[in-house]
Amino acid sequence: MDTPESTLATVLRAAVFAARVHATHTRKGAAAEPYVNHVLEVAALLAEHGAPPAAVIAALLHDTVEDSDADPTPTTLADIEAAFGAEVASIVAEVSDDKALPKEVRKANQVRQAAKKSAAARQLKLADKISNLRAITDSPPHGWDHARRVEYLGWAGRVAIGLKGLNPALDALFEATYREALARLAAEA
Ligand SMILES: Nc1nc2c(ncn2[C@@H]2O[C@H](COP(=O)(O)OP(=O)(O)O)[C@@H](OP(=O)(O)OP(=O)(O)O)[C@H]2O)c(=O)[nH]1
């Protein structure tokens, strides 16, 4: 008889799935960290701040579809649904940018659509931005000058306006991370 998988087992299975998909991907930062470090950080932020298990599992998988589009065997939402179910796949769909759209449209859509997303997707996206703001100061993407980092910070702040209001502790961490990044960028100017 099949026994239902525990949440812990699903979380670990998602981590293994993400590590395999991102095996050849690195972060854009100077440290060129393995990409999976980012998704583990986002999932840990959510788990530490009381987000539901489906959001933590989706966090591990959140870039597998968007970032495997150029891989020999891209990961699809159907793959995620088959392996982790419809709820997780739906959250991953909500936080995946459509890479076919021009970058300016994708960026504007993130600002415009943030507040319309589900509670799980909003918390996931906020944790994603916290991780990216940390990276902006600790290991900035290669070739990003000061102006580009300031622009990213401002844009992330505008997206976050629509994401906040669900998880006060996560909201506070975003605010603190934003202020720290702003102070460090101001000190460099
Ligand atoms: N800040 C930062 N971003 C990195 C790093 N490595 C990869 N990225 C990805 O690069 C995106 C920011 O680069 P951009 O040039 O602005 O955008 P693009 O890659 O989507 O064209 C982030 O997207 P995003 O829309 O902010 O996040 P997401 O929603 O795609 O996860 C993030 O996914 C890194 O070291 N630092």
Side-chain angles (χ1 to χ4, degrees), residues 14 18-19 21-46 51 55-71 74-75 77 80 88-118 120-164 170 173-174 176-182 184-185 188:
V21 171
H22 294 302
T24 59
H25 304 161
T26 52
R27 292 287 280 167
K28 291 176 178 175
E33 280 187 77
Y35 200 87
V36 72
N37 290 10
H38 164 70
V39 301
L40 289 169
E41 181 184 12
V42 175
L45 281 168
L46 290 170
V56 175
I57 294 161
L60 290 166
L61 303 165
H62 81 276
D63 277 332
T64 55
V65 175
E66 186 179 313
D67 287 352
S68 69
D69 56 339
D71 290 351
T75 301
L77 287 170
I80 302 284
V88 168
S90 153
I91 301 168
V92 173
E94 283 189 90
V95 301
S96 295
D97 275 1
D98 178 356
K99 288 279 192 69
L101 295 172
K103 181 168 168 169
E104 309 73 56
V105 176
R106 282 191 281 118
K107 297 283 172 189
N109 281 349
Q110 284 208 33
V111 177
R112 217 160 31 84
Q113 294 168 355
K116 298 177 193 150
K117 294 190 184 293
S118 68
R122 281 166 63 191
Q123 291 175 77
L124 197 169
K125 210 72 192 149
L126 195 60
D128 191 19
K129 293 294 182 263
I130 291 168
S131 171
N132 283 345
L133 291 192
R134 287 175 174 171
I136 282 291
T137 45
D138 296 344
S139 176
H142 183 69
W144 284 29
D145 63 12
H146 187 264
R148 176 122 188 232
R149 284 180 284 146
V150 170
E151 186 188 318
Y152 184 89
L153 181 64
W155 169 76
R158 290 194 295 283
V159 178
I161 291 169
L163 302 175
K164 288 186 281 191
L170 202 61
L173 183 59
F174 179 86
T177 309
Y178 185 91
R179 277 198 303 274
E180 163 80 12
L182 193 60
R184 285 178 61 181
L185 285 171
E188 282 174 31

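All ligand and atom numbering here is 1-based and tracks the order in the structure. Only this structure's heavy atoms are used, side chains among them; waters, hydrogens and symmetry mates stay out.
- Heavy-atom separations between Glu66 and ligand 1 include at least one value shorter than 4.0 Å.
- Taking all heavy atoms of Val42, Val95, Asn132, Leu124 into account, the minimum distance to atom 27 (O) of ligand 1 is reached by Asn132.
- The proximity of Arg27 to ligand 1, defined as any non-hydrogen pair under 4.0 Å, involves the side chain as well as the backbone.
- Residue Leu126 forms a side chain to side chain contact (heavy atoms under 4.5 Å, CB included) with just one option from Leu170, Leu46, Val42, Leu45, and that option is Leu170.
- Those atoms of ligand 1 that come under 4.0 Å of a heavy atom in Lys103, given as number and element, are 14 (P), 15 (O), 16 (O), 17 (O), 21 (O).
- A salt bridge does not link Glu188 to Arg184: none of the charged side-chain nitrogens sits closer than 4.0 Å to a carboxylate oxygen.
- Partner Asp97 forms a side-chain hydrogen bond (donor to acceptor under 3.5 Å, both in side chains) with one of Lys107, Gln110, Lys103 and no other, that one being Gln110.
- At a threshold of 4.5 Å between non-hydrogen side-chain atoms, the residues Asn132 and Tyr152 count as touching.
- When only non-hydrogen protein atoms are considered, atom 25 (O) of ligand 1 lies nearest to Gln110 NE2, 3.0 Å.
- Residue-to-ligand polar distances keep Asp97 apart from ligand 1: every N/O pair is separated by 3.5 Å or more.
- Counting only non-hydrogen atoms, the option in Trp144, Tyr35, Tyr152 that gets closest to atom 33 (O) of ligand 1 is Tyr35.
- Of all the heavy atoms of Lys107, the ones lying under 4.0 Å from any atom of ligand 1 belong exclusively to the side chain.
- Side chains of Glu94 and Ser118: a donor-acceptor N/O pair is present below 3.5 angstrom, by distance only.
- The shortest heavy-atom distance from Lys129 to ligand 1 is under 4.0 Å.
- Counting all heavy atoms, side chain and backbone alike, Gln123 lies closest to Ala51 at OE1-CB, 3.8 Å.
- Residue contact check: Ile136 has heavy atoms under 4.0 Å from atoms 1 (N) of ligand 1.
- Of the candidates Lys28, Glu104, Arg106, Arg106 brings a heavy atom nearest to atom 20 (O) of ligand 1.
- Contacts between Arg148 and ligand 1 below 4.0 angstrom, taking non-hydrogen atoms only, involve the side chain exclusively.
- When only interatomic distances are considered, the shortest N/O to N/O separation between Ser139 and ligand 1 does not fall below 3.5 Å.
- Using a 30° and 60° split on the angle between ring planes, His25 and Tyr35 fall in the perpendicular class, above 60°.
- Proximity to Lys125 (heavy-atom distance under 4.0 Å) selects the following atoms of ligand 1: 28 (P), 29 (O).
- Side-chain contact between Ile136 and Leu153 is absent, with no heavy atoms from C-beta onward closer than 4.5 Å.
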Stepwise side-chain hydrogen bond (donor to acceptor under 3.5 Å, both in side chains) check, Asn109 with Arg112:
CA-CA 5 Å; Asn109 281 349; Arg112 217 160 31 84; 2.4 Å; yes
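- Of all atoms in ligand 1, numbered sequentially from 1 with element shown, those under 4.0 Å from a heavy atom of Gly29 are 35 (O).
- Inclusion of Trp155 in the set of residues having an N or O under 3.5 Å from an N or O of ligand 1 is not warranted.
- In this structure the side chain of Lys129 reaches within 4.5 angstrom of the side chain of Val159, judged on heavy atoms.
- Within ligand 1, counting atoms from 1 as listed, the ones closer than 4.0 Å to a heavy atom of Asp128 are 27 (O), 28 (P), 29 (O), 31 (O).
- Note on Lys99 versus Asp67: salt bridge recorded, some NZ/NE/NH1/NH2 to OD/OE distance being below 4.0 Å.
- Contacts between Leu133 and ligand 1, counted as non-hydrogen atom pairs separated by less than 4.0 Å, are absent for every part of the residue.
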